[in-house]
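Read the structure below first, then the notes.
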Amino acid sequence: MRIALIGYGRMGKEIERHAVERGMQVTARFDSKNSDVSAGAHEFDVAIHFASPDSVITHVQMCARRKNNMVVGTTGWSKDMGKVWSIVQEQNIGLVHAANFSVGVNIFFRLMKDAAKLFDRFLEYDVFLQETHHKDKSDSPSGTALTLAEILLHNISRKKELLNTPPSGKIRPEQLHISSTRAGTVVGNHSVTFDSVADSIELTHMAKNRSGFALGALLAAEWIDGKKGIFTMEDVLSDIFQ
Ligand SMILES: NC(=O)c1ccc[n+]([C@@H]2O[C@H](COP(=O)([O-])OP(=O)(O)OC[C@H]3O[C@@H](n4cnc5c(N)ncnc54)[C@H](OP(=O)(O)O)[C@@H]3O)[C@@H](O)[C@H]2O)c1
């Protein structure tokens, strides 16, 4: 399989390292100074996008015109989701997107859904979410934290809205608080705590490095090759999970 890397920073370079190990070819690399995917005679099967959120629509348009399928790992572009859906459908290409491509995190999402359903029945437990990432991360809360929050809001009926800014005063019982910390070189930590007067249960995922994201993105690239439509990592892993 021939791959184009759109974004050649921390993630782009990590993906290249694992792609080569898996016998895939990286035939094109793009960054902010060389971002025109339609220019030149680049040949590739799937483009993997880990770049800036504001470049997602343009790159989806460029890849769609070339009929290239895509894996989009860039976070912070959810406001553009409707537009991306239309391009993918009109141009009949395939695209997988996920706020977190790590297989471990996707297992964590599954565990969280089961945990939330259990705690839904026990009103004495409150729930909150904490995430920490390196100081250069541009979006906050992380896309992974927002996915976790969606799972919790969907499965715990007493939680109805997100609070992702510092609270001014008491929070309301129906609010689900996410706190974000940006510091140092932390790759990505997410914790969900279920807390009662009697005890506290904390579920944590800690990324040790970027290899989990890279391997998941490559798995998604192999899976989307030749498919049409818009998918998430849950679709990629659904056969394995069942
Ligand atoms: N879904 C997941 O599993 C996952 C995991 C980790 C990170 N992420 C997300 O992936 C994205 C990238 O993370 P990173 O840590 O690799 O960031 P990074 O190290 O800052 O690298 C970003 C890369 O994107 C390039 N870029 C910026 N604007 C561009 C444009 N308009 N066209 C083409 N390339 C452009 C940058 O070019 P220059 O080098 O020229 O500046 C750089 O090469 C972020 O949104 C992050 O949140 C997702």
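Basis for what follows: all heavy atoms, side chains included, without hydrogens, waters or symmetry-related copies. One-based numbering, in listed order, for ligands and for the atoms of each.
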* **Enumerated ligand 1 atoms positioned under 4.0 Å from heavy atoms of Thr74** => 10 (O), 45 (O)
* Asked: Can you tell me how far the NE2 atom of His190 sits from the OG1 atom of Thr204, to the nearest 0.5 Å?
  -> 11.0 Å
* Asked: How close does the nearest protein non-hydrogen atom get to atom 46 (C) of ligand 1, and which residue and atom is it?
  -> Thr75 OG1, 3.8 Å
* To do: For the pair Lys159 and Asp126, find out whether any cationic side-chain nitrogen is under 4.0 Å from an anionic carboxylate oxygen.
  => yes
* Structure fact -> Looking at Gly9, Ala51, Ser32, the heavy atom closest to atom 12 (C) of ligand 1 belongs to Ala51
* Asked: Just which atoms of ligand 1 are under 4.0 Å from any heavy atom in Ala98?
  -> 1 (N)
* Any non-hydrogen atom of Lys13 lying under 4.0 Å from ligand 1? -> no
* Asked: Thinking salt bridges, do Arg17 and Glu14 make one under a 4.0 Å N-O criterion?
  -> yes
* Does a donor on one side chain and an acceptor on the other come within less than 3.5 Å for Asp139 and Ser142? -> no
* **Heavy-atom donor-acceptor pair, Asn69 side chain to Ala47 backbone, under 3.5 Å** => no
* Asked: Looking only at N/O atoms, are Gly73 and ligand 1 under 3.5 Å apart anywhere?
  -> yes
* For ligand 1, which atoms sit closer than 4.0 Å to a heavy atom of Lys137? -> 47 (O)
* Contact check, Gly76 vs ligand 1, heavy-atom distance below 4.0 Å -> no
* To do: Using atom types as modelled and distance alone, determine if a side-chain donor or acceptor of Thr193 lies under 3.5 Å from a backbone N or O of Asp195.
  => no
* Protein residue, atom and distance nearest to atom 7 (C) of ligand 1, heavy-atom basis -> Met11 CG, 3.7 Å
* **Nearest-option assignment for atom 32 (N) of ligand 1, heavy atoms, candidates Gly7, Ser35, Gly212** => Ser35
* Part of Ala99 within contact of ligand 1 (heavy atoms, under 4.0 Å) -> backbone
* To do: Look at the aromatic rings of Phe119 and Tyr125 and report parallel, tilted or perpendicular, splitting at 30° and 60°.
  => perpendicular
* Asked: Same cluster or not: are Met1 and Trp223 linked, directly or through other Ile, Leu, Val, Met, Phe, Trp or Tyr residues, by side-chain heavy atoms under 4.5 angstrom apart?
  -> yes
* Structure fact -> Quick look: Ser142 vs ligand 1, heavy-atom contacts under 4.0 Å, and the answer is neither
* **Contact check: Ser52 vs ligand 1, nitrogen or oxygen atoms, below 3.5 angstrom** => yes
* Out of curiosity, is Glu14 lining ligand 1, as in a heavy atom under 4.0 Å away? -> no
